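Chain naming here is simple, since letters A, B, ... match the order of the sequence lines and numbering starts at 1 in each. Treat the numbers as computed from the prediction; the structure is a model and nothing was measured.
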Amino acid sequence: MDEALFLALISEHQGIIHKVCRLYRDIREDREDLFQEITFQLWKSHQTFKNESKISTWIYRIALNTAIASFRKKKHAIEYSPVLHDLADEQPMKNLPFVKSVYSMR
Amino acid sequence: MELNDIKTTWSTVESPRVSDQEIRDMASEKMHPVLSGIRKQLTIEIIAWSIFLICYYSMFDGDKKPVWINIVLVLSVLIPIIHNLLGYRIAKYPVQGTNIRESLNRYKSKVKVYAIASIITRQIYLSGFLLFFFNGVNFNPGKYISLAIIISIFLVQLFISYRIWAKRVKILGSALTSFR
């Protein structure tokens, strides 16, 4: 994969990278830094892409891997619920951390 | 259904656009936010410690101390620098393997080894300095107390360092567990 093709592919699929950054970082500057780290890792790994999967799958894998591997303190917004749930099963799904992260992307 | 809501949100949320030139710049190691920070720190450390090694022999009476003490001091400075250079390499290549689980497993193993080496090299560094500067000193109660305080500070640093690395390895472990 040459540089021109790499740039075209990243440009086309940059939405995936932005979404992973929004999931894993809360502050805009941290998201920009993570976007940069992911782009760097994609460039470092582009020679290993063997067309065995879709390009979007490859980008998502590298992005997720980079986001998890880089150490940052993730700050969760504190929300006070008026109702305390006794059992985990009673907790609405929308209160689960991953789901909250997805909703916070809006 | 919640899952459909999540899928819809994931698909429809708008993202900013980054230009081709910006993407090209980001692919450069010089622009990497973490690596450029590590490089700057390494550069400052290497310059500062090089100046120290050039000057310590006359400034701190290295010529009056046994040769082996001087060798220990030099090694105490060089080993952490070499260790930091290896750390740079680990930070540069966090993605290895054909899938996320394999890549994270390998990365976690490397981080664990690096964490142990980090704690050991820090102790070598501190012990080497203690050995050099306290060599030939005639101890009195005041100096014993100073030594005890310095060793206590070393132990606290050792504990804090261990906690930081343990937390990092735990985060990676948790991420790995979520992929099972």
Item to check | Interface residue of largest heavy-atom contact number with chain A, from B:V18, B:D20, B:L104, under 4.5 Å | outcome: B:V18
Checklist entry - Hey, which of B:P94, B:A91, B:S28 has the most heavy atom pairs under 4.5 Å with chain A? => result B:P94
Checklist entry - Between CD1 of A:I27 and CZ of A:R25, what distance do you get to the nearest 0.5 Å? => result 10.0 Å
Item to check | Donor-acceptor pair, side chain of A:H18 and main chain of B:P16, under 3.5 angstrom | outcome: yes
Next on the checklist: Using modelled atom types and a 3.5 Å cut-off, is there a donor and acceptor pairing between side-chain atoms of B:D61 and backbone atoms of B:K64?
Outcome noted: no
Item to check | Closest-packed option against chain B by number of heavy-atom pairs under 4.5 Å, given A:F40, A:F35, A:W43, A:W58 | outcome: A:F40
Checklist entry - What part of A:E32 lies closer than 4.5 angstrom to a heavy atom of chain B: side chain, backbone, both or neither? => result neither
Checklist outcome for this item: Whatever's closer than 4.5 Å to a heavy atom in chain B on A:Q36 counts as both
Where on [X] is there a heavy atom nearer than 4.5 Å to chain A: the side chain, the backbone, both, or neither?
| X | result |
| --- | --- |
| B:E29 | both |
| B:K92 | both |
| B:S19 | neither |

Item to check | Identified ring pair (Phe, Tyr, Trp, His ring centres under 6.0 Å) partner of B:F132 from the options B:Y56, B:F60, B:Y125 | outcome: B:Y56
Next on the checklist: With a 4.5 Å cut-off on side-chain heavy atoms, are B:W165 and B:I116 touching?
Outcome noted: no
Checklist entry - Which one of A:I59, A:T66, A:I62 satisfies the side-chain contact (heavy atoms from CB on, under 4.5 Å) criterion with A:I17? => result A:I59
